[in-house]
Amino acid sequence: MQTKPENDTDLRLKVNRETARLPWTELLKHFAAGNVVWIANSLDLVDVAVRISHDDKANIAQWMNAGLLAKVSDEQAAGWLESNAELWAVVVSPFILVQQEKAVPASVH
């Protein structure tokens with residue numbers, strides 16, 4: 001019996017441990033091969049990775065249709081290269097999922 005993605009705590013912990021911040025320049029060869037997938041900041045990178053690992057077609061399709069998950073575009077890649085961006089990244093073979101660092105809200109005084 002297969003575990004549901006939302007209950008797969010072992011995989012969730014594994015993915016979380018394997019998530020790292022990387023400079024975009026280290027991902028260029030993977031981008032050139034078409035294997036880098038952008039995740040919107042409104043989604044949780046670890047949750048998306050777990051759901052892709054479980055082949056959760058319903059959620060993946062919903063995110064893609066909403067523009068929250070897509071292969072990295074040439075425009076994104078050029079912008080990240082120009083700004084020396086660092087991205088959160090995790091491998092879900094054959095893909096590398098990337099997400100820009102979430103903006104930290106300014107503290108209220």
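Given the structure is predicted, the values throughout are model-derived calculations rather than measurements.
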Flag side-chain contact, heavy atom, 4.5 Å: [X] against [Y]:
X: Glu101; Y: Glu86; answer: no
X: Ile96; Y: Val37; answer: no
X: Trp80; Y: Val98; answer: yes
X: Ile39; Y: Gln100; answer: no
X: Ser42; Y: Leu68; answer: yes
X: Val72; Y: Trp24; answer: yes

Spacing of Lys57 atom NZ and Ile52 atom CD1 [to the nearest 0.5 Å] =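 Rounded to the nearest 0.5 Å, the NZ-CD1 separation comes out at 12.0 Å.
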message = To the nearest 0.5 Å, what is the distance between CG on Leu22 and OG1 on Thr25?
response =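 Interatomic distance, Leu22 CG to Thr25 OG1, rounded to 0.5 Å: 9.0 Å.
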key: Presence of salt bridge, Arg12 and Asp10, under 4.0 angstrom   =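 No, this pair does not count.
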For a quick test of reading the model, state the closest non-hydrogen atom pair linking [X] to [Y] and the distance between them.
X: Gln76; Y: Lys71; answer: OE1-O, 4.1 Å
X: Asp55; Y: Ile60; answer: C-CD1, 4.5 Å
X: Ser53; Y: Val92; answer: OG-CG1, 3.6 Å

task = Go through the steps for Trp63 and Asp56 under the test side chain to side chain contact (heavy atoms under 4.5 Å, CB included), then give the verdict.
result = CA-CA 11 Å; Trp63 293 330; Asp56 183 349; 5.9 Å; no
Is it the case that one hydrophobic cluster holds both [X] and [Y], taking links as side-chain heavy atoms less than 4.5 Å apart, direct or via other members?
X: Leu69; Y: Leu87; result: no
X: Val50; Y: Val91; result: no
X: Leu43; Y: Leu97; result: yes
X: Trp88; Y: Leu11; result: yes
X: Val90; Y: Val36; result: no

message = Please identify which of these residues, Thr19, Leu45, Val48, meets the side chain to side chain contact (heavy atoms under 4.5 Å, CB included) condition with Gln99.
response =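 For Gln99, the side chain to side chain contact (heavy atoms under 4.5 Å, CB included) check succeeds only for Leu45.
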